[in-house]
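Chain letters run A, B, ... following the sequence lines, proteins first and then strands; every chain starts at 1.
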Amino acid sequence: MALTGRTGLLAALGAIVVLSAPQPGIAVLGVLALLTALVVADLLLAGSVRPLRLERSGERRVRLGDTVEVTLTVTNPGPRRVRGLIRDAWSPSTRALPRQQPLDVPAGERRRVVTVLAPSRRGDRESAVVTVRSVGPLGLAARQGSHAVPWTIRVLPPFLSRSHLPAKLSRLRELEGRHPVLIRGQGTEFDSLREYVVGDDVRSIDWRATARRNDVVVRTWRPERDRRVLIVLDTSRTSAGRVGVDPASGDPSGWPRLDWSMDAALLLAALAARAGDRVDFLAHDRTVRAWVSGASRTELLSVMVNAMAPIEAELIEADSEGMVAAIMARAAHRCLVVLLTDLNPAALEEGLLPVLPQLASRHLVLLAAVSDPRVAAMAEGRDTAEQVYDAAAAEHLRGARRRMTARLRRHGVEVVDALPDQIAPALADAYLALKAAGRL
Amino acid sequence: MSLDPSASQPGPGPAADTLASPPASGVPAASAAEAGPAPASAPTSPRVRDSWRRARGVFGVLGIMVALAAVTVLIASPRPGGRLDPEATTPVGAHALAQLLRDQGVEIRPARTVEEAGELATPDSLLLVGRTEFLADGLLMAELAEVPGDRLLVEPVTQALQALAPGVSAGALTDVESREPGCDLPAALRAGTAVTGGVSYNGPAGSRSCYGGSVIVFNAAGRQITVVGSSDFMTNERLAADGNAALAMNLAGARPAVVWLVPTLPQTGGAQEQGEATLTDLIPSGVGWAALQLFIAVVLVAVWRARRLGPVVPERLPVVVRAAETVEGRGRLYRSRRARDRAAAALRAAALDRIIPRLGLTGDATPAGVVAAVAMRTPLDSHQAGALLYGAAPDDDAGLVALARHLDILERQVRDS
């Protein structure tokens, strides 16, 4: 039950009656009794909330940054009109609007109520509860009740770096060539034989084939295909740190490293799928959080965003040994292992470095880390002594990262260390460079 | 949930068949359970009778507790009140005496004010006056002197003595102890020994003085006036001792009614009250009730505003950790400890890391080699370059800032050379 402002107004007007009444004490009681009677009558006459039937329809998935409409159909099977307010409650980060809206469902009819969600956070968002307030015909009091109408919206990673995809694809085509190339180099495999035309490199003439036919035949080559790429996402505590500016909400406290890493992973997956490589995806901290394998090229991206959506950074130390074991168990053949983690010297020293040789002996390892623009900005400070101290601290960290990068490179690990908005294209470039060099 | 037939609403209803099932394609196995037909709604608010059923036990227990507490208070605890208050059950109260008198058929008429005493008194009643220090006002005393009937003055102050028992004067102060009557007053003789004392009085001619002067009885202007020097024998505490009860009942129960005037607060003269009406007296009584009505209105508005449309929705939010926090913390540590040596070393190492590749040297170059190369490519001589790149830590913060700037300049010169 709930009261409305009208009840308060009526009680306030009752003060005038009391003031002019000959027996004010009795008048107070009378006004109170009248109000109570009216409120009770209104409650009895209001449409019942309990038998209402509510059903949902609409989208179940939305990309972070987009809006999604959820439709609620309210059916009133009762004998009285239900008039009042309805609130479709979602968790705060879904930013559901309007917060509440008017509702008027005559007896035996149904109405649609549309709520627009603009989620500010990745993951699965469940609807909390739907509350209906049914005001009586006098507008003095209302019945109120809640219904659970379950619905889940999965908020997918936004894949902001898709704007880089056309440029990287054109680089890939350049590399691959729409036409088979004549120069045999590293990272190429035999494509086909064709007739010699003037201008072809004489060194690519296939003499054995020429001998079998009357024409001179040359061999053509193309970049290698059907390599394996395993993208490994570290979801441990180092991925929870926030860097840069949250592109979804503009929050200056930043976006977790995990989300930047996911963005880079999606661009790499899209590029590798187009390049004809097979992409697998693993998310790991102390256990396997997600595992995508054997997805076809066309649906790889949708399967990956779906697997990524509910992953949150866990505030636990990564289990590098377990991660390497999981990679070894899943990747039987040599592949490119792209480790998306942080170049945190202390964490790497104790975690990854001891087990890295084991991994690097079988696979090609590419470690990608998001660096912090705030640290870069701090390193530039020269105005006051305080800023210079901060700059020294920033240089201390950057020096440690440089030394760690050098050590990793000595282990044969490729390292990409880039600012948040640069990491996706930088990782794609590193992949293309490896592909061009035929190191996959 | 939607798979459970008991959870679904009975009957498809007019709307159910027209509603399309939600798009479930592309939802992976993790959320496959949510896919399928539109989930049925289920009311979560409790019914009124359910909430009543749940709450009635609590209300019952609360009611029993309140009732028990009320009964206990009414029965067991002493009713508070001042000395000689006919309703007070404290040791200094006089509830026992009043009750004894009532049992003997004497009517007790408690009066709070002098005015009230005047209204209650009749010619055949006895006026019992105690705590006269609260009545020390000439006008009040004059008003009290007009009250008809016999008088029993208990520990009167001088002013009261003069006004209500003319001719009696207070004498020496004596101990309160058990005494013989020592007079021929029937009331005292029947009572025998009693705990009396306090002020001893000298009565006028024709008065009878008992218990060493602490009880004086005389007739004046057609009424009997009794003055008692100590009220102890009338209190609940002492009433049972000696002949106290008998004496008190003989003195106070001589008439069919007792007007019991024992004020608990200082009284003011009636004339003053009439002259000055306060602001509250001038406001009509309806205003107070109207204010009450407005208060009710405010409460109703508060109830209106306080009622939420549905519960607060909680959400588990990820922790917000800015990645740069550790670096900022290290910077603050440097600052608070004035760690110029470490700060300078970090800045120099960073500058060297950037300069050495530009000089065409490798990472294992010796300081002397670096300094020589820098001196060749920049206007600095080898001493200056050596002091800048490998010198001692600066002595103060200004020196540190200068070092940082010089390193910047050096880097630029190497880059541009």
Hey, could you give me the [atom1]/[atom2] distance between [X] and [Y], rounded to the nearest 0.5 Å?
| X | Y | atom1 | atom2 | result |
| --- | --- | --- | --- | --- |
| B:R307 | A:M1 | CZ | CE | 8.5 Å |
| B:T326 | A:H396 | OG1 | NE2 | 10.0 Å |
| A:E386 | B:R332 | CD | CZ | 11.5 Å |
| B:L309 | A:Q144 | CG | CD | 5.0 Å |
| A:M378 | B:R330 | CE | CZ | 11.0 Å |
| B:Q293 | A:L29 | CD | CG | 9.5 Å |

- prompt: Under a 4.5 Å heavy-atom cut-off, does chain B meet the side chain of A:D372, its backbone, both or neither?
  reply: side chain
Quick one: what part of [X] sits under 4.5 Å from any heavy atom of chain A, side chain, backbone, both or neither?
| X | value |
| --- | --- |
| B:L292 | side chain |
| B:E325 | neither |
| B:P311 | both |
| B:R337 | neither |
| B:D408 | side chain |
| B:A306 | neither |
| B:R308 | both |
| B:R342 | neither |

Go through [options] and name the one with the most non-hydrogen pairs under 4.5 angstrom from chain B.
| options | answer |
| --- | --- |
| A:S302, A:G5, A:A2 | A:G5 |
| A:P24, A:G241, A:A11 | A:P24 |
| A:T4, A:V49, A:L9 | A:T4 |
| A:A240, A:S93, A:A394 | A:S93 |

Sidechain-backbone polar pair: B:R322 side chain, A:G254 backbone, donor-acceptor under 3.5 Å: no
query: Under the 3.5 angstrom rule, does the side chain of A:R50 hit a backbone N or O of B:S45 as a donor-acceptor pair?
result: yes
- prompt: If you tally heavy-atom pairs under 4.5 Å against chain A, which of B:V298, B:V313, B:V319, B:V48 wins?
  reply: B:V313
message: Can you classify the ring geometry of A:Y389 versus B:Y334 as parallel (below 30°), tilted (30 to 60°) or perpendicular (above 60°)?
response: tilted
